[in-house]
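Worksheet: the structure to be examined is printed underneath.
Indexing begins at 1, ligand by ligand and atom by atom, following the structure's order.
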Amino acid sequence: MHESDDEMTRVLAIDTSTDMLACAVGSVRAGKPMGDGAVDVLAAGDHRCRRRANVELVGTVDTTLTQAGVGVDDLDAILVGRGPGSFTGVRIGISTAKGLATGANLPLYGVSTLDATAWTAWHAGVRGRLGVAADAMRGEVYPALYELTDAGVARLFERERVLKAADAVATWRALPFSSDLLLTGDGLVRYGALFEEAGLMGRALDQDLWWPNGQGLISAFAAAGGAAAAGIGNGDPAAVLPVYTRLSDAEENERRRLGLAGDAHVAPTGVADELAGRHLQLRPLAASDAEAAAALDAVCFNEGAHTSWTPEMFLSELSEGLTAPRAWWVAHDDGELIGIAGGMVIDADVQILDVAVSPEHRRRGIARKLLAHVSYDAQMLGCTSASLEVEAGNDAAIGLYEDLGFSRAGCRRDYYGPGSDAVVMTAPLPLSLPVDASSPEPTAAAARDWPAPAQAKSERAEIERRRLVLAIESSCDETAVAIIDADGALLANQVSTQIDFHARFGGVVPEIASRKHVEVIVGVVEAALEEASEALGLTGGTLSPRELAAVGVTQGPGLVGALVVGVAFAKGLAFAAGRPLVCVNHLEGHLFANLLADPDLKPPFIFTLVSGGHTMLVHVRAWGDYRVLGETLDDAVGEAFDKVAKALGSGYPGGPIISRLAEEGNPEAIDFPRAMMHSHDYRFSLSGLKTAVVTYIEQETAAGRTIHLPDLAASFEAAVFDVQFKKAWDALRETGAESYCLGGGVAANPHLRELLTRKLGRRGVHVVLPPQGACTDNAAMIAEVARRKFDRGEVSGFDIDADPNMTL
Ligand code: KG4
Ligand code: ZN
């Protein structure tokens with residue numbers, strides 16, 4: 001067989017895991033030795049860029065492609081450095097790469113940043129044993145040893161890990177070949193002195209080589225066998241994830257707590273446990289669950305041959321000193337343990353040890369959710385696959401696992417006893433979990449009639465005519481994507497919420513939020529494109545990103561690490577699809593949610609924003625002309641709901657829990673303070689009320705009285721809402737505005753909606769409320785802002801960054 005052009009793969013490689021913005025366009029020839037033309041770099045844009053990766057990356061990609069004379073369409077694949085490195089840096093690179101790959105419909109492959117650094121040295125002619133000490137911040141490095149010969153670079157380690165810089169120094173100094181060990185890696189910038197003291201710096205490479213470059217990335221990919229090689233992944237942009245060497249701090253602390261204090265369970269809340277766990281919640285297995293877990297396991301497996309787990313077995317899974325890391329999760333509802341799943345990490349595989357869901361609670365997706373948590377932990381610990389055994393005759397279980405992406409990999413004869421075989425199943429991580437599509441409320445616009453589906457060609461023309469805008473929201477704990485047309489008809493509205501992952505910490509953990517966004521963003525975008533295709537009745541294939549008119553994204557305010565994922569992805573998507581980018585202010589999104597209910601709403605009007613992060617009263621004089629009349633001095637309204645629910649031990653988020661409770665309560669039962677009610681301005685304060693509620697709970701508990709939770713919830717709501725009404729009415733009178741609208745998560749509260757509609761309506765005010773489903777964070781509202789901005793030609797450059805502190 002002789003060489004043809006088909007064996008050449010043209011790639012774009014990027015990596016922002018370190019202060020080096022690595023970027024190159026090159027080609028990889030299959031089957032060539034590394035020293036002999038296997039990799040050809042056509043253009044490189046590598047440069048140092050501290051903390052500005054999100055600003056510069058897409059621009060650098062653009063100029064590098066231009067220099068190489070290569071268009072996005074001429075590429076065969078995208079490569080991205082997966083770290084380890086700076087968490088935010090890694091996520092910016094990966095999110096942008098996911099966007100690029102999705103926008104251009106190209107495969108995406110992940111490469112180890114450490115390998116790329118070693119290959120960068122190799123291309124500079126370095127040979128011998130090389131230690132890469134990459135900066136892991138907080139006094140730590142990612143240490144990696146390589147052997148560099150003329151044939152290429154070989155790893156002398158199996159998995160990436162993190163070590164205290166001093167420990168890495170000690171380990172390397174103890175190596176038999178320490179006196180010959182060459183050194184590189186950006187960890188030398190910060191910890192060079194430690195290596196120097198140990199006498200290791202003498203053989204450090206030239207400082208220019210301490211970072212990975214684009215050529216190194218492409219070579220690491222080529223050496224691993226390129227796209228054809230197993231282990232590189234299947235090119236699915238959803239499957240490429242950062243290499244993390246530790247869990248988030250919140251999870252690490254929790255694990256430590258669970259491991260040390262065996263019985264530390266749910267902290268005593270001071271109230272009867274009436275409410276705790278009233279709804280389905282997931283949390284890691286604790287020692288106090290062992291009995292219930294064993295009982296559940298016995299119920300689930302009593303008929304089969306599978307031997308069920310004893311309490312001692314569960315306990316031993318929790319103990320420290322196990323050779324392989326474990327991840328165990330339980331689901332509970334109404335105080336009852338209804339599901340459990342766990343696994344053990346061996347090399348890069350998580351072996352699922354047990355999955356059990358109580359028979360009355362099956363078909364609610366609980367097993368799926370539990371496995372999601374177990375596999376998420378495993379992925380964070382470096383796993384790339386999951387495996388399990390299931391009884392050969394158990395078709396229901398086999399079906400569930402198949403849905404999750406498991407396939408049959410083998411069979412163990414008589415595994416569960418004579419005549420009872422086990423089927424061995426494996427799946428690549430992440431598991432294919434469904435996106436929880438929100439049920440978008442039919443809006444006035446969406447209810448409009450569509451023309452009957454046309455033939456494929458005119459279908460495509462129709463898509464162009466509608467000027468579709470896809471918008472992405474990732475400012476907090478929901479990853480959401482919506483697609484809207486130029487007339488405001490909503491064609492897709494997908495929300496993937498992470499609430500389960502945060503609930504056990506009583507609030508959103510920023511690091512977990514960022515990680516989850518990276519994990520699900522491609523899936524949510526794909527789900528939205530499919531939903532829109534269905535809404536359009538397309539017969540000629542799914543809507544492609546290139547058929548969009550523009551891409552919108554939430555720029556801020558919000559959690560910076562969460563925002564950057566959406567912004568970087570949106571930029572990659574828009575650039576690769578050749579479409580303009582439109583940046584949206586999240587707060588404006590909450591305001592524009594009102595237009596989904598009433599497209600004719602017109603300024604001037606008064607707007608109250610009540611969300612988890614904001615409480616403000618705004619005079620909207622014209623679209624885009626906002627005068628903030630007043631804000632909260634301390635907690636936001638949503639935050640107060642969350643804190644009160646937490647004090648009651650009733651879970652997160654607090655808003656829906658409190659409002660459900662309040663339904664049967666008497667709002668006049670307890671006289672909580674109405675702070676700033678008569679302050680004659682538009683400022684709010686909620687921390688005093690929160691303290692009053694907590695004090696009330698403590699006093700009643702100390703006095704041995706049972707707290708009537710519905711009365712407490714209703715009275716708390718009344719105290720908050722009375723002030724909201726009073727100030728809104730004052731603002732309406734003072735400004736002479738005749739219309740009023742509401743926005744933010746708390747706008748979903750039925751009592752607030754009812755109170756404002758009734759009281760303001762009675763006073764002749766035209767009250768508009770967002771559809772109930774569009775109050776908490778969603779992308780429909782972001783899409784509504786984006787389509788109007790796009791219509792006015794307000795598009796952004798690819799050098800914009802997330803702005804966590806944006807205001808109205
Ligand atoms: O707008 P949002 O989804 O996120 C931010 O931008 O902050 O608001 C979330 C907040 C949470 O604090 C949640 O407890 C609150 O909205 N919330 C509610 C209700 N549903 C959500 N508060 C009161 N009643 C509700 N039904
Ligand atoms: Zn919000």
Side-chain angles (χ1 to χ4, degrees), residues 279 438 471-480 482 495-499 502-503 505-508 510 513 553-560 562-563 566 584-594 607-616 631-632 634-648 650-663 665 667 686 689-690 693 713-714 716-721 724 742-756 769-782 784-785 804-808:
H279 57 296
S438 70
I472 298 171
E473 152 66 34
S474 75
S475 66
C476 190
D477 61 347
E478 342 268 351
T479 321
V495 183
S496 167
T497 174
Q498 319 169 348
I499 284 176
H502 301 283
F505 300 108
V508 176
V553 67
T554 301
Q555 184 181 11
L559 301 168
V560 64
L563 289 164
V584 176
N585 180 323
H586 180 86
L587 304 182
E588 209 171 14
H590 279 306
L591 166 61
F592 279 51
N594 288 283
F607 168 57
T608 299
L609 173 63
V610 272
S611 70
H614 291 85
T615 297
M616 51 169 79
E631 294 188 68
T632 177
D634 37 59
D635 293 350
V637 171
E639 197 180 351
F641 273 81
D642 296 337
K643 286 180 173 170
V644 166
K646 194 172 176 177
L648 292 172
S650 52
Y652 174 86
I657 298 170
I658 303 265
S659 71
R660 223 176 303 134
L661 269 176
E663 253 148 53
L686 287 125
L689 171 59
K690 176 207 68 195
V693 175
F716 163 74
E717 279 194 348
V720 176
F721 298 161
Q724 289 299 328
L742 188 65
V746 185
N749 186 292
H751 310 117
L752 178 61
R753 295 168 76 92
E754 187 275 331
L755 179 132
L756 291 169
L769 301 173
Q772 196 141 15
C775 294
T776 49
D777 290 347
N778 64 88
M781 65 187 196
I782 305 300
E784 178 65 23
V785 181
N805 304 314
M806 251 172 149
T807 57
L808 257 188

Checklist entry - Hey, is the main chain of A748 close enough, under 3.5 Å, to the side chain of R753 for a donor-acceptor pair? => result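 Answer holds: no.
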
Item to check | N/O donor-acceptor pair under 3.5 Å between Q498 side chain and A513 backbone | outcome: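 Confirmed, Q498 side chain pairs with A513 backbone.
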
Heavy-atom contacts with [X] under 4.0 Å: which atoms of ligand 1 show up? List them by number with element.
X	answer
D642	11 (C), 12 (O), 13 (C), 14 (O)
G612	5 (C), 7 (O), 8 (O), 9 (C), 10 (C), 12 (O)
H590	1 (O), 6 (O)

Item to check | Protein heavy-atom partner closest to atom 24 (N) of ligand 1 - residue, atom, separation in Å | outcome: N749 ND2, 3.0 Å

Item to check | Nearest-contact summary for atom 3 (O) of ligand 1 - protein heavy atom, Å | outcome: D777 N, 2.9 Å

Checklist entry - Is the closest heavy atom of H586 to ligand 1 under 4.0 Å? => result yes

Checklist entry - With a cut-off of 2.8 Å, does H590 place any N/O/S atom under that distance from the Zn ion (ligand 2)? => result yes

What pair of heavy atoms forms the shortest contact from [X] to [Y], and how long is it?
X	Y	value
G665	A714	C-CB, 3.7 Å
L686	D634	N-OD1, 2.7 Å
V644	V693	CG1-CG1, 3.9 Å

Are any of the N/O atoms in [X] less than 3.5 Å from those in ligand 1?
X	result
G655	yes
T776	no
P653	no

Item to check | H614 side chain to E631 side chain, donor-acceptor N/O pair below 3.5 angstrom | outcome: no

Checklist entry - With a 4.5 Å heavy-atom cut-off, do P557 and N805 have their side chains touching? => result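 SC-SC contact between P557 and N805 ruled out.
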
Item to check | Contact check, side chains of I472 and I782, non-hydrogen atoms, under 4.5 Å | outcome: no

Item to check | H586 NE2 and D777 OD1 subtending at the Zn ion (ligand 2) (10° steps) | outcome: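 With the Zn ion (ligand 2) as the vertex, OD1 (D777) and NE2 (H586) sit 90° apart.
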
Checklist outcome for this item: The option among S659, G613, G745, C775 carrying the non-hydrogen atom nearest to atom 21 (C) of ligand 1 is G745

